[in-house]
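Below, each value reflects all heavy atoms present in this structure, side chains not excepted, and no hydrogens, waters or symmetry copies. Residues: numbered from 1 along the sequence shown.
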Amino acid sequence: MSVAMAGPVLERISRSLEQLRRSERKVADVVLADPRRVVPMTLAELAELAEVSQPTIVRFANAIGCDGFHDFRIQLAQSVALGVPATQSVIEAQDDTATTVGKIFDFSITSLDHVRRHLDLDAIARAVDTLASCSHIVFIGLGASGIVAMDAEQKFPLFGVPCSAPIDTHQQFLAASTSRPGTAFVAISNTGRTVSILDTVRVARERGATVIGITGGPSPLAELSNIALVVESLDNTDVYTPTISRLAQLVVVDTLATMVLLRREESALEDIRTMKSRLSRMRSGMPRS
C-alpha cells in the first residue's frame, strides 16, 4: 500500500477527494457525512443512497485502497471504532451537548491513534534504556508542556530515581547547569522552537546529560536531542477542540513510565504495590496497619 493509501479508511477518503471521479466523490461525500450509518449497508443500499451504480461503489472502494466492497466495510467499521477524521469533528457553536461530546471524543481518539502509528518505536526503546539506567531525571517544559513535565515528575520517583521538574526558566537553566553524565534531561515542547528551552538543552548537553526531546515534529529541539521522540499529532486549527499535543505527550510519558517500571526488580514492584495500598487507605480514611 502506498503512503497515500496508508492509515484508517476515513482518513484515506478525506485525502483522496480531489483525485476521485465525480461519481466516486458522491460516494465519498455520503460516507464522510455519516460513516456509522454506512457500516451496515449492503452494496445495493449504499449505491441507492449515493445515487450511483453498484460498479461505481466497487470502483470507489478500490480507489481508496480497499480490496472490494467487503474489505471497505470491514475497514470502515474499524475506522469508525477509532473515531471519525478531524475534518469531520469541527465543533459548531450551535452543537448540542451530545454532538459536542461526541466530536471531542472522536477527535481525541482519532488523533491519539495517529500519534501511535507515527511513533518511532526504536527511539522509544532507547529513551526507556536511558531512563531505566540514569541516576537523575530532569523534566522541563513551558505552558501545557510544563504541566506534562510536572505529571512526569510524579510518576518516575516511584521507581527509585530522583526527579525534578522546575517550572521557572531560570530554575530550568540552573538544573541544566548542574547536570552531569548520568542525568537524563527530558525536554518537552510541541513546537520544539521555544528559545529558553533550546538554550537550556544546549547547556545540559554541554554538561554531559543525555537529552530526550519530546516534540511535535522536525524541529531545533529534535536536532539538539540525543534521542528525539516525535509526537506527531493531527493539525488542529479549530479553536474549540482539545489540545491534542498535550494529551499525546501525556500518553507518551505514561508509556515511558510503564516500560521503565517493567525493567524494575520484583522488590521495587512490591514497594510500589505497598505504596499504592497505603495511598488507597489514606483516601478512604481506613487506619494504617
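Residues C134 and T183 form no side-chain contact, since every pair of their non-hydrogen atoms from C-beta on lies 4.5 Å or further apart. Between L17 and L32, some side-chain heavy-atom pair lies under the 4.5 Å cut-off. Using a 4.5 Å heavy-atom threshold, the side chains of T56 and S53 count as touching. For the pair V52 and I57, the minimum side-chain heavy-atom distance is below 4.5 Å. Between R205 and N226 there is a side-chain heavy-atom pair separated by less than 4.5 Å.
Side-chain atoms of T210 never come within 3.5 Å of backbone atoms of A184 as a donor-acceptor pair (strictly under, hydrogens ignored). A donor-acceptor pair under 3.5 Å links the side-chain atoms of Q172 to the main chain of G141, judged by distance alone. Panel note: side chain E232, backbone G217; no donor-acceptor pair is recorded below 3.5 Å. At least one donor-acceptor pair under 3.5 Å links the side chain of S225 to the backbone N or O of L221. Using modelled atom types, no side-chain atom of S189 and backbone atom of T215 make a donor-acceptor pair closer than 3.5 Å. Listed for the S16 side chain is no donor-acceptor partner under 3.5 Å among the backbone atoms of I13.
Atom CD of Q171 has more than 12 neighbouring heavy atoms from other residues, nucleotides or ligands inside a 6.0 Å radius.
The minimum heavy-atom distance between A176 and R207, with the atom names listed, is O-CG, 3.4 Å. G68 and N62 make their closest contact through N-OD1, 3.3 Å (heavy atoms, listed as atom of the first residue, atom of the second, distance). Smallest separation of non-hydrogen atoms from A123 and A228: CB-O, 3.7 Å. Listed here is the closest heavy atom pair of H136 and P162: CD2-O, 3.0 Å. Between V9 and Q75, the closest heavy-atom pair is CG1-O, 3.5 Å.
Taking the side chain to side chain contact (heavy atoms under 4.5 Å, CB included) definition, one finds that E223 meets it with nothing, sequence neighbours left out. Shown here are the ring-ring contact (aromatic ring centres under 6.0 Å, His included) partners of F60, two or more places apart in sequence or in another chain: F72. Residues that satisfy the side chain to side chain contact (heavy atoms under 4.5 Å, CB included) test with I74, not counting sequence neighbours, are H70, Q78. With sequence neighbours excluded, the residues that form a side chain to side chain contact (heavy atoms under 4.5 Å, CB included) with T255 are V251, M259. Considering only residues two or more places apart in sequence or on other chains, A248 meets the side chain to side chain contact (heavy atoms under 4.5 Å, CB included) condition with L112, V115, V231.
Among residues at least two apart or in separate chains, salt bridge (charged side-chain N to carboxylate O under 4.0 Å, His left out) pairs with a member in residues 148-165 are D151-K155, K155-D254. Legend: side chain to side chain donor-acceptor pair (under 3.5 Å) pairs involving residues 157-170, not counting sequence neighbours: none detected. The list of salt bridge (charged side-chain N to carboxylate O under 4.0 Å, His left out) pairs with a residue in residues 126-146, not counting sequence neighbours, reads D129-R263.
By the criterion of side-chain heavy atoms lying less than 4.5 angstrom apart, applied directly or through intervening Ile, Leu, Val, Met, Phe, Trp or Tyr residues, F185 is not grouped with I137; the two fall into different hydrophobic clusters.
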Discussion item. Checking L43 against V58 for the side chain to side chain contact (heavy atoms under 4.5 Å, CB included) test, could you report, in this order, the C-alpha distance in whole Å, the side-chain angles of both residues, the deciding distance, and whether it holds?
Written reply: CA-CA 8 Å; L43 179 67; V58 176; 4.3 Å; yes
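With side-chain heavy atoms closer than 4.5 Å counting as contact, directly or through intermediates, the hydrophobic cluster containing I147 also holds M150, I167. In the hydrophobic clustering (ILVMFWY side chains linked at under 4.5 Å, chained through shared members), L174 stands by itself.
Paired with V186 under the rule side-chain contact (heavy atoms from CB on, under 4.5 Å), one option of L229, L256, I140, L131 passes, and it is L131.
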Show me the donor-acceptor pairs, under 3.5 Å and distance only, between side chains in residues 18-25 and residues at least two apart or in other chains.
residue: E24; atom: OE1; partner: R21; partner atom: N; Å: 3.2
residue: R25; atom: NE; partner: D29; partner atom: OD1; Å: 3.3

Acceptor/donor pairs from residues 190-199 side chains to any protein atom, 3.5 angstrom cut, sequence neighbours excluded:
residue: T191; atom: OG1; partner: R193; partner atom: N; Å: 3.3
residue: R193; atom: NH1; partner: T191; partner atom: O; Å: 3.1
residue: D199; atom: OD1; partner: R202; partner atom: NH1; Å: 3.0

